[in-house]
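Everything numeric here is computed off the predicted structure, so don't read it as measured data.
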Amino acid sequence: MIRMAGIAAAILFAAPAQAQDWRLISIEPDGPVVFLDAANIVPGEQNLRRLDLLMIRRTGDRGFSSFRVRMSVDCDKPRMRTEQVWIYADDGAEMGSGPGQNQWIDTVGENGLRTTDMVCGRKPLPDRSFGPKPPLAEARKMIEES
């Protein structure tokens, strides 16, 4: 019985979070549209936050069109590390996943610093929610219009 409970707990904690709330962070000219999963910002020890970012590119770019990155952000220092990466085809089907670099790098650039400020609660998250499903169609429309 205890073994079954342990297995169930391992499955539960290994599975990605179910409730998602994608918020638009940035639109780069001819680049990705970046969303943050506002429902799954997880506080950790030493003022760290774990989060998922979704980056959607023009279809056909580089053999894939979007990827999701699970990362940690250090709220005391402007730095971040990637922990896991998922790659998606144009139709949204997962093509693969793998570990991130898991090494701290300095957060640079306006978008990176702004995202860190939102995740760490220094700036508000965008109000508009794109819902629980990855907003592929909405992002592609934004790319076409940019």
Is the backbone N or O of Pro126 less than 3.5 Å from a side-chain atom of Arg23, with the two atoms forming a donor-acceptor pair by type?
yes
Looking only at atom types and distance, does a side-chain atom of Arg122 sit under 3.5 Å from a main-chain N or O of Cys75, one as donor and one as acceptor?
yes
Do you reckon Ile27 sits in the same ILVMFWY cluster as Trp22, going by side-chain contacts under 4.5 Å, direct or chained?
yes
Trace of the side-chain contact (heavy atoms from CB on, under 4.5 Å) decision for Leu36 with Leu125
CA-CA 9 Å; Leu36 166 74; Leu125 291 168; 3.3 Å; yes
Is it true that Arg70 and Asp52 make a salt bridge, defined as a side-chain N closer than 4.0 Å to a carboxylate O?
yes
Between Pro135 and Leu54, is there a side-chain heavy-atom distance shorter than 4.5 Å?
yes
Say whether Val69 and Ile87 are linked into one hydrophobic cluster, either directly or through other cluster members, by side-chain heavy-atom distances under 4.5 angstrom.
yes
Can you tell me if Thr82 uses its side chain to pair, donor with acceptor, with the backbone of Gln101 under 3.5 Å?
yes
Find out whether Leu53 and Met71 are in side-chain contact, i.e. whether some heavy atom of one side chain is under 4.5 Å from a heavy atom of the other.
yes
Output, in order, the C-alpha distance, side-chain angles, deciding distance and verdict of side-chain contact (heavy atoms from CB on, under 4.5 Å) for Leu24 and Arg128.
CA-CA 8 Å; Leu24 177 65; Arg128 182 176 178 199; over 6 Å; no
Is there a path of hydrophobic side-chain contacts, each under 4.5 Å between heavy atoms of I/L/V/M/F/W/Y residues, joining Ile41 to Leu113?
no
Single-linkage hydrophobic cluster Val42~Met118, side-chain heavy atoms < 4.5 angstrom
no
Under a 3.5 Å distance rule, please check whether Asp74 uses its side chain to pair with a backbone N or O of Leu48 as donor and acceptor.
no
Main-chain N/O of Ile25 paired to Arg114 side chain as donor or acceptor, under 3.5 Å:
yes
Just by modelled atom types, is the Gly131 backbone N or O under 3.5 Å from a matching donor or acceptor in the Ser129 side chain?
yes
Establish whether Val73 and Val108 are linked, either directly or via other cluster members, by ILVMFWY side-chain heavy-atom contacts under 4.5 Å.
no
